[in-house]
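Shown next, in structure tokens, is the structure this report addresses.
Numbered from 1 within each chain, the chains take letters A, B, ... in sequence-line order.
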Number of protein chains: 2
Amino acid sequence: MELRQLKYFIRSAEVLNFTEAANDLFISQSTLSQQIKQLEEELGILLFDRVGKRIRITEAGNLFLTYARQALQDTKNGKQIIEDLKELKTGTLNIGVTYGLSALLTDTIVSFSKLYPQIKITVDFGTSEDLLEELKIAKIDFVLSFLQLPADDIFVSQVLFDSKLALVVHPSHSVAKEKTIDVKDLQSISLALPAKGFNTRDFLEDAFKKNNISPSVKVELNDINMLLQLVETGNWCTVLTMASVKGRPDLQTIPITGIDITRQASITWHKDVYRKKAALVFTEMIQSQKH
Amino acid sequence: MELRQLKYFIRSAEVLNFTEAANDLFISQSTLSQQIKQLEEELGILLFDRVGKRIRITEAGNLFLTYARQALQDTKNGKQIIEDLKELKTGTLNIGVTYGLSALLTDTIVSFSKLYPQIKITVDFGTSEDLLEELKIAKIDFVLSFLQLPADDIFVSQVLFDSKLALVVHPSHSVAKEKTIDVKDLQSISLALPAKGFNTRDFLEDAFKKNNISPSVKVELNDINMLLQLVETGNWCTVLTMASVKGRPDLQTIPITGIDITRQASITWHKDVYRKKAALVFTEMIQSQKH
DNA sequence: TCATAACTATCGGTATAACCGATTGATCAT
DNA sequence: ATGATCAATCGGTTATACCGATAGTTATGA
């Protein structure tokens, strides 16, 4: 039994005329006759009575017709949901994002949701390591993070935009009046930084080392929001990319001079995993936003 | 898209391993790979991610899986109902019967219904002409009637049993004490007979004519039950086949001598219409009953 | 690190069966 | 009667489902 035969059968049952049904189905009458016969043989029962030059559906045919129609409808529904998925009328988008880039997500999520309200979005915060592991098992569709050498060639990355590291201070802080700050001067400021292991912290640590600078780190935190809350008290400063402080107008960013500490925000995909349309559209929206 | 491909897809989704699925499906791995690919091309979307030597179902695949399963289930249901029909677990039996033979139906309906309680039975009473018309358009499965020349060769008939015509009287009637009655003596008895046009009446009329007998018909009725009710009053007698009075122990049948008035109960089928199993079993039960 | 096993994709060839046109045989309308 | 209509059948062609072999990849283990 094949869907083809069910289609033939249904049309034949509708018009009760093999010749006409065959025309409708764009096949020859002989083919239709054969296929119906084949279906009848498989079911072990006649679906039509051949009375004279007419056909009439049998009780069995009528009973079977319901199920044939249903089966065909199911395949149509299945096709439709795939179309919906392609047109972003359904589905789920699973985003992985590191803490440092979480701030830039908000705007895109808002506009994406407005355009495609039927798409469900889940956001997974985590360290790069955690997220790449999730990406590996396709738990998330892509990872937004700062660029790092791909440890595994099952991943491919592309750069979204550059974002410089800057000193983040509260306006009440004494250095808040400065237009810029030299990297050497960072040593004299009490800093609150992301905990070691955080991507940005490791990058910073590396940059300090290369410039023989030993900053005075007073607080380490594994949560960027808490970190920014501490900065808001005015007791500490921190160093983050500009992108990380997006949407926090109460805080001030002061460019750091004497060192090039530009990070590249990037998106990472699994090499082999199908890139669902929702993911492609979403990342295009991120890239088209100004940073 | 064909059911074959859906089966392949479903099994593949279940074991997430083409090689194993191919074994389960008794096809080669290459064939499975090709068929899945074909399905994916038709849907315009990947159903599986091929990551390394593994496959993983995509979001689209998961969505589609539900519908594929449903479609397949529908065909199974369709097959099952056909099987049930063959096994007499469902379906409808439409019986056409002339008034004269309606009495003999009761016992068979009772025992058939006991054996196959899920089969719905409808009984259509009517004249032979009406019933044969219904048989022609397959509104009924067969006709139980007294044998007559098949006016149309789209019908085929077979004899069920012989049934003699007899005088039907109520015990209170004056002739009730007689063991037999000669056909000539019928002329002296007030008769209530089926209306002209009724098969039995026409047969009787013909027999009377051939024997130069003119009975005194006092009442004509187009309903056998009403006729028998009249006979029960003791005021009239009637002439019917023995079969017609089956199940009426309150009435007495007196054989008519001096004339051979044997009728043949028969079953008539449409030549070309599929004989459903319920109908075949039912008629076999009728034939196996004693008359 | 290298070999091996496990797994999927692809290629070329074969066999099956879907398909067609022509024909037959039947029925229906005129 | 006669032609029109319709389904079944036959023989031949084409499409394709299928297979085995193989390539290419990844995971496993010595």
Whether [X] contacts [N] is assessed here as follows: a side-chain N or O lying under 4.0 Å from the phosphate OP1 or OP2. Is that the case?
X     : N      : value
A/S30 : D/dA8  : no
A/N17 : D/dA7  : yes
B/R50 : C/dA9  : yes
B/K37 : C/dT8  : no
B/S33 : C/dT10 : no

[X] near the nucleic acid: base, sugar-phosphate alone, or nothing, with a heavy-atom cut-off under 4.0 Å?
X     : value
B/Q38 : sugar-phosphate
A/F48 : nothing
B/T31 : base
A/I55 : sugar-phosphate

- State yes or no: are the ring centers of A/F48 and B/Y274 separated by less than 6.0 Å?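 No - the distance between ring centres of A/F48 and B/Y274 does not fall below the 6.0 Å cut-off.
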- Message: Taking the cut-offs as 6.0 angstrom to the six-membered ring centre and 45 degrees off its axis, would you call A/R263 and A/F203 a cation-pi pair?
- Response: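 Yes, A/R263 and A/F203 form such a contact.
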- Note on the structure: Quick note, side chain to side chain donor-acceptor pair (under 3.5 Å) partners involving residues 80-93 of chain B, not counting sequence neighbours, are B/Q80-B/D84, B/E83-B/K86
How many Å lie between [atom1] on [X] and [atom2] on [N], as a whole number?
X     : N      : atom1 : atom2 : result
A/Q35 : C/dC19 : CD    : P     : 5 Å
B/L25 : D/dC18 : CG    : P     : 10 Å
A/D49 : D/dA7  : CG    : P     : 13 Å
A/I27 : C/dA17 : CD1   : C1'   : 14 Å
A/L46 : D/dA7  : CG    : P     : 15 Å
B/M1  : D/dA17 : CE    : C1'   : 18 Å
A/F18 : D/dT9  : CZ    : C1'   : 14 Å
B/N23 : C/dC7  : CG    : P     : 10 Å

For the pair [X] and [Y], find out whether any cationic side-chain nitrogen is under 4.0 Å from an anionic carboxylate oxygen.
X      : Y      : result
A/E42  : B/K79  : yes
A/R56  : A/D49  : no
B/D141 : B/K276 : yes
A/E205 : A/K209 : no

- Query: Is A/Q34 side chain donor-acceptor paired with the C/dA18 base, going by distance under 3.5 Å alone?
  - Reply: no
- State whether the distance check finds a donor on one side and an acceptor on the other, under 3.5 Å, for side chain A/Q29 versus base D/dA8.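 Present.
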- Message: For the residue pair A/N94 / A/T122, report whether a side-chain donor-acceptor contact shorter than 3.5 Å exists.
- Response: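 Distance-only check passes for A/T122 and A/N94.
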What protein N or O atoms touch nucleotides 23-27 of chain D N or O atoms at under 3.5 angstrom, if any, and at what distances?
none

